[in-house]
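A short write-up of the structure that comes next.
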Amino acid sequence: MKKINFLGLIAIFFILISCQVQVPMSAEYFSKPSRIGLFVNVTEPQKYREGSQGLLDMAVTSGDKYQPLLDLAKTNLDPKQDLINIYSELLRAKGKEVVIITDSFDPKTAEKYKGDKIEGKKYSNYDFRYLKAKYNIDEVNFVNVSWGVMISYYSMIETGRAGYTYIDNRIVNLSDNTLYFANDNVKTAIIKGKWNTPPNYENAISKISEALNSAKETEKELYK
């Protein structure tokens, strides 16, 4: 049976979410006072895959056995408020007036940007311009966070596990949907030894937490 390379699929997923655009932080951006919306979207913790599997392998390794671990991670580690606090502090330290965005975000239904594009400028894949009038803001700092466990496979065989965090961070000019800043941040923490140790799953939870904390520390360095 033909194998599917999940590293390739994950890369395609990231491209769809963020177009793999990297825009370094501009010192000029922080030299001007403005009102910026902080829009942090954190998905529920999930199981992610890497390695080589066929369609039958995928069906057999659906990952339901990880759900109790992920449910516990959601209860114990939900990082959304901590990230809101981190970005708020960083932006205010740079002289920005921060407005917390409370809208929900679903990548399946969010409107894609279809406006004109000027050569040489980078644009957000999603159209956030509606937020300008709604919240009376000049920019939006949109942060999309995926986290949970990354399982490595060879066919139906699990070859490794890791705590996993991916943060897609964008600062968008709401006048034209161009990017002031864009960065992708991926962290993993290998789970060594037993992971399936209910009810507290200490080993696995500690590595999920480690990946989250490592990603947070990287984010803190981005706005300097």
Side-chain angles (χ1 to χ4, degrees), residues 11-46 78-147 165-187 212 215-224:
I12 292 171
F13 173 76
F14 288 166
I15 290 171
L16 291 175
I17 292 296
S18 63
C19 292
Q20 288 292 298
V21 174
Q22 297 290 314
V23 179
M25 184 63 73
S26 169
E28 181 182 356
Y29 167 70
F30 281 128
S31 68
K32 301 176 182 178
S34 62
R35 281 170 58 88
I36 182 169
L38 178 57
F39 193 170
V40 178
N41 180 67
V42 180
T43 66
E44 292 192 355
Q46 299 176 43
D78 189 359
K80 183 170 183 176
Q81 189 57 53
D82 192 23
L83 287 167
I84 288 173
N85 294 340
I86 288 171
Y87 295 117
S88 295
E89 182 178 343
L90 290 169
L91 291 166
R92 287 177 179 135
K94 292 293 187 178
K96 299 294 183 180
E97 182 179 351
V98 178
V99 178
I100 305 301
I101 304 298
T102 58
D103 292 36
S104 60
F105 178 82
D106 183 346
K108 295 178 182 178
T109 59
E111 184 176 353
K112 300 298 196 316
Y113 177 67
K114 299 176 182 177
D116 295 333
K117 293 184 178 181
I118 298 174
E119 186 176 354
K121 290 190 174 184
K122 303 294 186 180
Y123 291 80
S124 169
N125 192 36
Y126 294 102
D127 194 341
F128 291 111
R129 291 176 295 174
Y130 73 96
L131 295 171
K132 184 177 179 66
K134 183 175 181 179
Y135 287 92
N136 189 27
I137 54 178
D138 305 298
E139 305 100 32
V140 64
N141 189 174
F142 176 70
V143 182
N144 195 51
V145 183
S146 303
W147 64 294
T165 301
Y166 169 74
I167 300 180
D168 173 15
N169 188 337
R170 305 288 186 260
I171 296 180
V172 184
N173 181 348
L174 297 181
S175 295
D176 58 6
N177 217 54
T178 55
L179 292 167
Y180 284 118
F181 170 75
N183 188 73
D184 300 311
N185 173 11
V186 181
K187 300 296 182 186
L212 279 170
K216 291 174 189 176
E217 290 304 310
T218 295
E219 293 297 298
K220 290 178 183 179
E221 299 298 315
L222 296 178
Y223 295 4
K224 291 185 175 180

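Quick note: numbers below take in every heavy atom, side chains included, and nothing from hydrogens, waters or symmetry partners.
Counting only N and O atoms by type, the side chains of K96 and S34 include a donor and acceptor under 3.5 Å apart. In this structure, a donor-acceptor pair under 3.5 Å is absent between the side chains of Y123 and N177.
Looking at heavy atoms from C-beta onward, N173 lies out of side-chain contact with L179 at the 4.5 angstrom threshold. K187 has its side chain out of reach of L212: every pair of non-hydrogen atoms, C-beta onward, lies at least 4.5 Å apart. Side-chain contact between T178 and K122 is absent, with no heavy-atom pair separated by less than 4.5 Å. Residues L131 and L174 are in side-chain contact: their nearest non-hydrogen atoms beyond the backbone lie under 4.5 Å apart.
For the pairing with F39, the side chain to side chain contact (heavy atoms under 4.5 Å, CB included) check across N141, V140, V143 returns one residue only, V140.
In this view, K94 and F30 satisfy the side chain to side chain contact (heavy atoms under 4.5 Å, CB included) rule, not counting sequence neighbours. Remark: E219 pairs with Y87, I167, N169, N183, N185, L222 by the side chain to side chain contact (heavy atoms under 4.5 Å, CB included) rule, at least two apart or across chains. Every residue two or more places apart in sequence or in another chain that forms a side chain to side chain donor-acceptor pair (under 3.5 Å) with K220 is listed here: E217. Residues that satisfy the side chain to side chain donor-acceptor pair (under 3.5 Å) test with E89, not counting sequence neighbours, are absent from this structure. Applying the side chain to side chain contact (heavy atoms under 4.5 Å, CB included) test to K80 and every residue at least two apart in sequence or in another chain returns V40, V42, D78, I84. Every residue two or more places apart in sequence or in another chain that forms a ring-ring contact (aromatic ring centres under 6.0 Å, His included) with F105 is listed here: Y126, F142. Qualifying side chain to side chain contact (heavy atoms under 4.5 Å, CB included) partners for V98, counting only residues two or more places apart in sequence or in other chains: I36, L38, S88, L91, R92, I100. Residues passing the side chain to side chain donor-acceptor pair (under 3.5 Å) test with E221, sequence neighbours excluded: K224. Annotation: ring-ring contact (aromatic ring centres under 6.0 Å, His included) contacts of Y135 (sequence neighbours excluded): none. Every residue was checked against the side chain to side chain donor-acceptor pair (under 3.5 Å) condition with K132, not counting sequence neighbours, and none meets it.
S124 and Y113 make their closest contact through O-CB, 3.4 Å (heavy atoms, listed as atom of the first residue, atom of the second, distance).
Listed for the R129 side chain is no donor-acceptor partner under 3.5 Å among the backbone atoms of D176. Side chain of W147 to backbone of T43: a donor-acceptor contact under 3.5 angstrom is found.
Taking a cutoff of 4.0 Å between a charged side-chain nitrogen and a carboxylate oxygen, K112 and D127 do not qualify as a salt bridge. Ion pairing between a basic and an acidic side chain is recognised when a charged N comes within 4.0 Å of a carboxylate O; D116 and K121 show no such pairing.
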Could you walk me through whether D184 and R170 pass salt bridge (charged side-chain N to carboxylate O under 4.0 Å, His left out), step by step?
CA-CA 9 Å; D184 300 311; R170 305 288 186 260; 3.2 Å; yes
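E111 contributes atom CD, which lies 9.0 Å from atom OH of Y130 (distance to the nearest 0.5 angstrom). Here CG of D138 is found 7.0 Å from OG of S175. Values are rounded to the nearest 0.5 Å. Note that CD1 of I171 and OH of Y180 are 10.0 Å apart. Values are rounded to the nearest 0.5 Å. Rounded to the nearest 0.5 Å, atoms CG (N125) and CG (D168) are 9.5 Å apart.
Pairs engaging residues 98-110 under the salt bridge (Lys or Arg N to Asp or Glu O under 4.0 Å) rule: D103-K134 [sequence neighbours left out]. Residue pairs meeting the side-chain hydrogen bond (donor to acceptor under 3.5 Å, both in side chains) criterion with at least one partner in residues 23-32, sequence neighbours excluded, are Y29-E139.
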